[in-house]
Amino acid sequence: MKSEQLENLNEIRNLMEKSSRFLSLSGLSGVSAGIIALVGAAVAFFYLDFDQRYFDINRYFYNGMHQRLQQQIGFLVLDAVIVLLMALSAGVYFTTRKAKRKNLQVWDNTAKRMLVNLFIPLTAGGIFCLILLYHHVFFLVAPATLIFYGLSLLNASKYTLPDIRYLGICEIVLGLAGSFFVGYGLIIWAIGFGVLHIVYGTAMYMKYEREMVVNK
Amino acid sequence: MKEIISNLNKNFESRVRMGIMSVLMVNDYVDFNTLKELLDITDGNLSSHISALEKNNLIKVTKQFIGKKPNTRYEATNQGRKAFKEHLDYLDRLLKSQKEQ
C-alpha cells in the first residue's frame, strides 16, 4: 500500500513537471553559445584595434570618437547578428539531440510557451536597443542587451529548467554594473554572453545530462 | 486511520485519472493528444477516464475546430482542483501516519 502510493506521488510530480516545463534544453547549447560569443567578441576586439575601452563615454563626447564609432557600428551590429544566429542554431541542434535521447518531443506546448515568454521581453529589449542606436546612445547598447536578456531568461525560467533563473539574475547584475561603469561594453558582453554561458552550460550539463550519456 | 482512508476520493483511484488531474493542475488547458502522449495510453482508455471525470464535474471539456481539424481541450474545474488537492493532502497524511508506525 505504502510503496504504491509513494510511486503514485512520484508519478504525479513527474507528470506535473514534464507537462509544464520544457526540459530538453541542453547545457551544451549554453556552452556552444558561450564559445561563439567569445569568438565574436574577439573579432570585434581585433576590428577595434585592441581598443578595449570601446564606448568610453569621455572619448565618445570629447575626442571625436563619435564620428569613428558611427562608421564602426555597422560592422559591430553585423558581428552581433552573426553571433546570435550561430548561437541559436547551435542551441537548437543540441536541444533537439537531447530531446531525441530522452524520447521527448522537441516542439510541443511547453517549448512554445517557453519561447513566447522568452521572446516578449527579448523583443522589447531588441527594439529598445535599436532606439538607442537611433539616438546614438551607443555606450548603453551593450549593457541594455544584457539587462533585457537577463529579464527574458528570468521570465522563461518558469517554463523550463528552473536553474536558468540564476543565469538571468547574473546577466541583469552585470548589465546594471555595465550601465554605471560605461566604456566596458565589449568586455561585459564577452563576460555575459561568453563566460557566463559556458559556466552555466557546463553546470547544467553536469547536473542533468552527464549520467544520461554514461548510461547510454 | 480508517477515517483517513474513507476520505480518499474514489474518483482519483485509478492512476490514469490521477495522471490526468496532475497534468491539468499545472496547465491551463491540455488537448487530447498531449494527454495521450504524456500518459502513454490508448485513445479508448483515455476517453473513458475523461468522461468519468467530466461526469463528476472535475474537468471541463471544450470542443472546437482549429482550421478543419476538431480539437478538444480539457481543463480542471475549480471543484476538480479542490478535490484533487484534498486527495493529495490525504495521501500525504496517509504516508506520514504509516511512517510513524
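Labels below follow one simple rule: chain letters A, B, ... track the order of the sequence lines, proteins then strands, and each chain is numbered from 1.
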Taking atom CZ as the centre, does A:F75 end up with more than 12 heavy-atom neighbours from other residues, nucleotides or ligands that are less than 6.0 angstrom away? yes
Taking atom CD1 of B:I20 and atom OG of A:S19, what is their separation to the nearest 0.5 Å? 12.5 Å
I would like to know whether A:R113 and B:N27 meet side chain to side chain contact (heavy atoms under 4.5 Å, CB included); could you show each step before the answer? CA-CA 11 Å; A:R113 199 158 46 169; B:N27 288 282; 3.1 Å; yes
Check whether B:L88 gets within reach of chain A through its side chain, its backbone, both or neither, counting any heavy atom under 4.5 Å. side chain
Over 12 non-hydrogen atoms of neighbours within 6.0 angstrom of CZ in B:F32: yes
Greater than 12 external heavy atoms within 6.0 Å of B:M25's CE: yes
Rounded to the nearest 0.5 Å, what separates atom CD1 in A:I12 from atom CZ in B:F84? 4.0 Å
Heavy-atom count around A:K112 NZ within 6.0 Å, excluding the residue itself: above 12? yes
Any side-chain heavy-atom pair from A:M16 and B:V23 closer than 4.5 angstrom? no
Do A:E11 and B:M18 have side chains that approach each other closer than 4.5 Å (heavy atoms only, starting at C-beta)? no
In this structure, are over 12 heavy atoms from other groups packed under 6.0 Å from B:R15 atom CZ? yes
Under 6.0 Å from the CG atom of A:N10, do we count more than 12 heavy atoms belonging to anything else shown? yes
Measuring only between side-chain heavy atoms, which start at C-beta, is B:L39 closer than 4.5 Å to A:L15? yes
